[in-house]
Amino acid sequence: MDKTYHPTEIEEKWAKIWSERKLTNENSNESFSQVIPPPNVTGTLHMGHSFQYAIMDFYTRYNHMSGKDAHWQVGSDHAGIATQMVVENNLLKDGISRSDLGREEFLKEVWSWKNFSEEKITSQIKRLGSTIDWEKYRFTLDDSFNEAVIKAFVELYRKKKIYRGYRLVNWDPSLKTAVSDLEVIRQEKDGFIWHIKYPIENSKEFITVATTRPETMFGDMAIAVNPNDTRYKDIIGKKVLLPFVERKLPIIGDDYVDIEFGTGCLKITPGHDFNDYEIGKKYSLHEVDGEIKISNQSSDFKPINIFNDDAWSNDNVPEPFNNLDRFKVRKLVLEKLKELNLLIKEEKHHISVPRGERSNIVIEPKLSYQWYVKTSEMASKANEAVNNGEISFHPENWIKTYFNWMNNIEDWCISRQIWWGHRIPAWFDNDKNVYVGYDEDEVRQFYNLDNRKLSQDEDVLDTWFSSSLWPFASMGWPNNTPDYDKHFPTSLLVTGFDIIFFWVARMMMMSLEFTDNIPFKDVYVTGLIRDENGQKMSKSKGNVIDPLDLVYGISIDDLVKKRTANLMQEGQAEKIERKTRKQFPNGIESYGTDALRMTFFSLATHSKDISFEFSRLKGYRNFCTKIWNAARFINGFPEGNKVFDPKNDNDIWINEEFVKSANKIKRHVEDYRLDFAINEVYEFFWSKFCDVYLEECKKSGKTNNLRPMLQKILIMMHPFAPFITEEIHSLLFDAQIIE
RNA sequence: AGACCCGUAGCUCAGUUUUGGUUAGAGCGCUGCAUUGACAUUGCAGAGGUCGAUGGUUCGAGUCCAUUCGGGUCUACCA
């Protein structure tokens, strides 16, 4: 054995061996299985990924060593919007836009990016020593996965659990696509509320509405007051003249209006506000010759849309307000209202602005046709599985978060107006009739169509729609494969709390729908890795650490280069460089994968936010050194017994301690408390085995049992620190722990 | 508006439900001594906590209950 422990050389050797190896406990009837939360092919892996993969690999190895047939299904996610954005940004650097290329050419670009990113990601996962059968690698947009997605869509449609609807959606004007409720981030900020006078028809009276979005007034279709509001009782039924447009709007009385709020008087803009839409629908508002009419025919309802796809005002908006960005419209409207003395008050008001999760642009509610999944029935089935204990969360507390959302779940908008994704299997004829099916032939057959021309829906599906099928589709569903038979439902899901709604809940719904089975039994919910100051790691903050830089170390210049490359905003680089040089004056040292891995386990507490500390990492690197040196020391003694054979008090004592610790560790592992488990490992090896037993053996010279005891310990420690234990084991015992 | 989480040693955090129980734990840091004879170090010894605050239940509260202060997250809504 080398005098010093050189982790990276050893690790590279074993990582390669393991990436080509398949675990074979195929004869075991007991399955342990889990699926990787497929990483997005948007770039490279970060600390959060390696944290979770360490845990997943731990359980794979642990269960394999317990004799089970352990399967860890690996793959990656096409991540529709996110990946498309990355590729579009890259092209933009060369002055090329998506539309310059056209759909087909653009998709070629995305596929080549996918290959590039996938290569990086898989080599990272391999380097961490993950125990994976790479032949079973899947991608959420490969052909057979598409088969599963199409089947899911068509079946849901034919069971009337998917429908197409024309209604308001969260529209991202920068990406020009609809997004789901979950992809909208609310940002609280200080804004204004404006009080605006609208003249009442045939009178000198005015009515004052309060609004935070004056620019949408061109889409106003009614004024609403509370019928119990004595101030306005008499004007219900009268009409107002919408300034600039001269459209006649009815004044309606509805309980929805809060008497206390604002002026107690609300403008109704059904084309641009979700609540107004509901009211507009209730009264079937529609325009006839410049006047808004009320009816009880719901089919009459026709909201007025005043924006284009990019949220610039359209032709429904008069001069000089049309063909402007919505914020310019707002500014101009306020100016002109002021000139007309119709703007009577500007009040500070706390508002929450909806922003796109990816684009960060302000979301504009927009009327459009979109596809939706009906969720309520599926959700209650999923809830049942949690309530009757079929699925359990660890820590349990996350159940509350889960139910909080599931009990108020809305229908899920699954269509996206982008190019990268699973194309929606729906076809239109020239009369805009819609037909859903597996392919065009099947559609014609199913609907008994003549040879009319059909064209496929241009839209693609929300990435999370395909991800929701991952636990069974990645194992071969809808085909019956040996993996699906043996390893589904899976035993464990390791994932972050941030995607409980996006992913965990939806997998539960889809799995129960299509397989009549839960997708997983235990959900191990991890916290989010933050930097030492508790800040979320992000490119723009410049505090990201690449896990492989902890393994190999990195010079300060390279680290600065890495952190300041490809920044979205100008001028950040200098600040990031200063902070980085201050925190890591000499760069980052090499710590090795085992040290990193054990650090992750020690951080796997029940806490939501996990501060990544270098001092802890250093501590576990010292622990690895300790293991190495203990082994080297033992290796210097004569071989002694093949099998542990206690002959003195010291032997008996360490064996008892070993059994005690092993039992504790087993319990902690089964309770999903790897932080406790790794503490026990550390404490046993260092304080008991080294400080007491080894010292005693040194003194007494009774060293016959050192090797067999070390071997037992190495095997026990292997899932915690696979590289070093495997290396020592093969050096000293000429055999691998996992063959 | 509702829900949830956090506040314990200088720092980062365990411990709080099922099971309230003698001197409240860990790692790192700190102090002192020893050490290059397995240890890119290690060993031994040690200091350091009114467990956010107040009140209650109890023989006994970090742990249970109520109130409160500070920090954070999520969901819904906000004309």
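Protein chains get the first letters and strands the later ones, always in sequence-line order, with residue 1 at the start of each.
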### Message
Please classify the nucleic acid contact of A:T401 as base, sugar-phosphate, or nothing, using heavy-atom distances under 4.0 Å.
### Response
nothing
### Message
Check this one for me: any side-chain N or O of A:K608 less than 4.0 Å away from OP1 or OP2 of B:G72?
### Response
no
Listed pairs, N/O of protein and of nucleotides 11-13 of chain B, under 3.5 Å:
unit_1	atom_1	unit_2	atom_2	d
B:U12	O4'	A:E613	OE2	3.2
B:U12	O3'	A:S611	OG	3.3
B:U12	O2'	A:E613	OE1	3.0
B:U12	O2	A:R616	NH2	3.2
B:C13	OP1	A:S611	OG	3.2

### Message
Judged by each residue's nearest nucleotide on RNA chain B, which is more toward the 5′ side, A:D181 or A:G262?
### Response
A:D181
### Query
Has A:K366 got its NZ or CZ under 6.0 Å from the middle of the six-membered ring of A:F307, at an angle within 45 degrees of the ring axis?
no
### Query
Think A:N407 has a side-chain N or O under 4.0 angstrom from the OP1 or OP2 of B:A3?
no
### Task
Hunt down any stem RNA chain B takes part in, defined as 3 or more consecutive Watson-Crick or G-U pairs whose two distances are each under 3.5 Å.
B:1-7 with B:69-75, B:10-13 with B:25-28, B:30-34 with B:42-46, B:52-56 with B:64-68
### Task
Please determine, for the side chain of A:F501, which listed nucleotide (B:U73, B:C74, B:G43) has the closest atom?
B:C74
### Query
Mapping A:T212 and A:V184 to their closest nucleotides on RNA chain B, which lands nearer the 5' end?
A:V184
### Task
For A:N629 and B:U35, give me the distance from atom CG to atom P, rounded to whole Å.
20 Å
### Between B:G7 and B:A53 - C1' atom distance, rounded Å
11 Å
### Message
If I pick the P atom on B:C6 and the same atom on B:C13, what distance separates them, to the nearest angstrom?
### Response
13 Å
### Task
Using atom CZ of A:R673 as one end and atom C1' of B:U17 as the other, report the distance to the nearest whole Å.
13 Å
### Query
What is the distance from CZ of A:F403 to P of B:U75, rounded to the nearest Å?
18 Å
### Query
Hey, are the side chains of A:Y277 and A:T269 touching, using non-hydrogen atoms and a 4.5 Å cut-off?
no
### Message
Taking the minimum atom-to-atom distance to the side chain of A:L182, which one of B:G15, B:U75, B:A38 wins?
### Response
B:U75
### Message
So A:K618, base contact, sugar-phosphate only, or nothing? Heavy-atom distance under 4.0 Å.
### Response
nothing
### Message
What contact category does A:D691 fall into here, base, sugar-phosphate, or nothing, at under 4.0 angstrom with non-hydrogen atoms?
### Response
sugar-phosphate
#### Entry: Note: A:E670-A:R667 ion pair, threshold 4.0 Å (strictly below)
no
#### Entry: Candidates B:A38, B:C28, B:C4 - which lies nearest the side chain of A:K400
B:C4
### Distance in angstrom units between A:F623 CZ and B:U42 P, rounded
12 Å
### Task
Classify the nucleic acid contact of A:F637 as base, sugar-phosphate or nothing, counting any heavy atom under 4.0 Å across all strands shown.
nothing
### Message
What's the gap between B:A40 and B:G20 when it is taken at their P atoms, as a whole Å value?
### Response
47 Å
### Message
Closer than 4.0 angstrom, basic N to acidic O: yes or no for A:E278 and A:K282?
### Response
no
### Query
Do A:F393 and A:W398 make the cut of ring centroids closer than 6.0 angstrom?
no
### Message
When you measure from the side-chain N and O atoms of A:W686 to the phosphate of B:U42, is any distance below 4.0 Å, counting only OP1 and OP2?
### Response
no
### Task
Would you mind reading off the distance between A:L617 atom CG and B:A40 atom C1', rounded to a whole angstrom?
15 Å
### Message
Between B:C51 and B:A9, how far apart are the two C1' atoms, rounded to whole Å?
### Response
10 Å
### Task
Between B:U73 and B:G32, how far apart are the C1' atoms? Round to whole Å, please.
45 Å
### Query
Just checking, is any N or O donor in the side chain of A:Y672 or A:D522 under 3.5 Å from an acceptor N or O on the other one?
yes
### Query
Tell me, do A:F612 and A:T599 make a side-chain contact under 4.5 Å, heavy atoms counted?
yes
### Message
I want to check something: taking the side chain as every heavy atom from C-beta on, are A:V669 and A:L674 in contact at a cut-off of under 4.5 Å?
### Response
yes
### Task
Identify whether any heavy atom of A:W398 sits under 4.0 Å from a base atom; if not, whether one sits that close to sugar-phosphate; answer base, sugar-phosphate or nothing.
nothing
### Query
A:R530 near the nucleic acid: base, sugar-phosphate alone, or nothing, with a heavy-atom cut-off under 4.0 Å?
nothing
### Query
Roughly how far apart, to the nearest Å, are B:C74 and B:G27 at atom C1'?
31 Å
### Task
Say whether A:Y283 and A:D254, considering side chains only, have a donor N or O and an acceptor N or O under 3.5 Å apart.
yes
### Message
Can you measure A:E278 atom CD to B:A76 atom C1' for me and round it to whole angstrom units?
### Response
15 Å
### Query
From the list B:A3, B:A38, B:C5, which nucleotide is the closest neighbour of the side chain of A:N397?
B:C5
#### Entry: Interatomic distance at P, B:A61 relative to B:U17, whole Å
15 Å
### Distance in angstrom units between A:N622 CG and B:G43 C1', rounded
14 Å
### Salt bridge present between A:D675 and A:R673 (N-O < 4.0 angstrom)
yes
### Query
Rounded to whole angstroms, how far apart are CG on A:L710 and P on B:A38?
16 Å
### Message
By the 4.0 Å heavy-atom rule, please label A:E695 as base, sugar-phosphate, or nothing.
### Response
base
### Task
Classify the nucleic acid contact of A:F676 as base, sugar-phosphate or nothing, counting any heavy atom under 4.0 Å across all strands shown.
sugar-phosphate
#### Entry: Nearest-angstrom distance, C1' atom, B:A45 to B:G62
29 Å
### Task
Using a cut-off of strictly less than 4.0 Å, decide whether A:K626 has a side-chain nitrogen or oxygen near OP1 or OP2 of B:G43.
yes
### Query
Which pairs with one or both residues in residues 209-231 of chain A pass salt bridge (charged side-chain N to carboxylate O under 4.0 Å, His left out), sequence neighbours excluded?
A:R213-A:E215, A:R213-A:E364, A:E215-A:R330, A:D220-A:K267, A:D229-A:R231
### Task
Tell me whether the centres of the aromatic rings in A:Y591 and A:Y620 are closer together than 6.0 Å.
no
